[in-house]
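Data first, discussion second: the structure below is written as structure tokens.
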Amino acid sequence: MERDGQLELYGLVAARLKEAHTRVRTLQVPEGVRMALSRKLLVITAASKHDLADAARRLERLMNDLDEGRFPEDPDSGRSP
């Protein structure tokens with residue numbers, strides 16, 4: 001029975017990761033911000049292989065940040081060309 005719950009959570013996380021990647025790809029933000037968000041998604045993806053529940057929590061926080069317009073700072077801003 002536990003295995004069924006784990007598979008269900010895996011499917012949910014996989015679908016949410018796909019949605020998150022699509023949202024990040026289509027955001028109208030500087031490239032540095034998009035790269036920072038993509039790195040966060042890669043970390044969450046890697047974490048899902050070891051601790052699925054933690055990855056689901058981290059992904060939910062990231063999605064909430066996206067919903068509320070909270071993005072990481074652009075690491076390239078403030079640099080001289």
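Numbers here simply count residues along the sequence, with the first being 1.
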Heavy-atom side-chain proximity of D74 to V29 below 4.5 angstrom:
no
Counting C-beta onward and ignoring hydrogens, is there a side-chain heavy-atom pair between L66 and V24 closer than 4.5 Å?
yes
Can you tell me how far the [atom1] atom of [X] sits from the [atom2] atom of [Y], to the nearest 0.5 Å?
X	Y	atom1	atom2	value
L41	R16	CG	CZ	11.5 Å
R57	D51	CZ	CG	6.5 Å
L17	T45	CG	OG1	4.5 Å
E19	T22	CD	OG1	8.0 Å

Y10, M63: one ILVMFWY side-chain cluster at the under-4.5 Å cut-off?
yes
Please say yes or no: joined through hydrophobic side-chain contacts below 4.5 Å, possibly via intermediate residues, are I44 and M35 part of one cluster?
no
For E31, look at atom CD and say whether over 12 heavy atoms of other residues, nucleotides or ligands are found less than 6.0 Å away.
yes
Is R34 reaching over with its side chain to a backbone N or O of L27, donor-acceptor style, under 3.5 angstrom?
yes
Pick one: which of K40, R23, R70 meets salt bridge (Lys or Arg N to Asp or Glu O under 4.0 Å) with D65?
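So, applying the salt bridge (Lys or Arg N to Asp or Glu O under 4.0 Å) to D65 and each of K40, R23, R70, only R70 qualifies.
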Kindly write out the residues that satisfy side chain to side chain contact (heavy atoms under 4.5 Å, CB included) with V43, not counting sequence neighbours, or none if the list is empty.
R58
Over all atoms of both residues, closest heavy-atom pair of P72 and A36
CG-CB, 3.7 Å
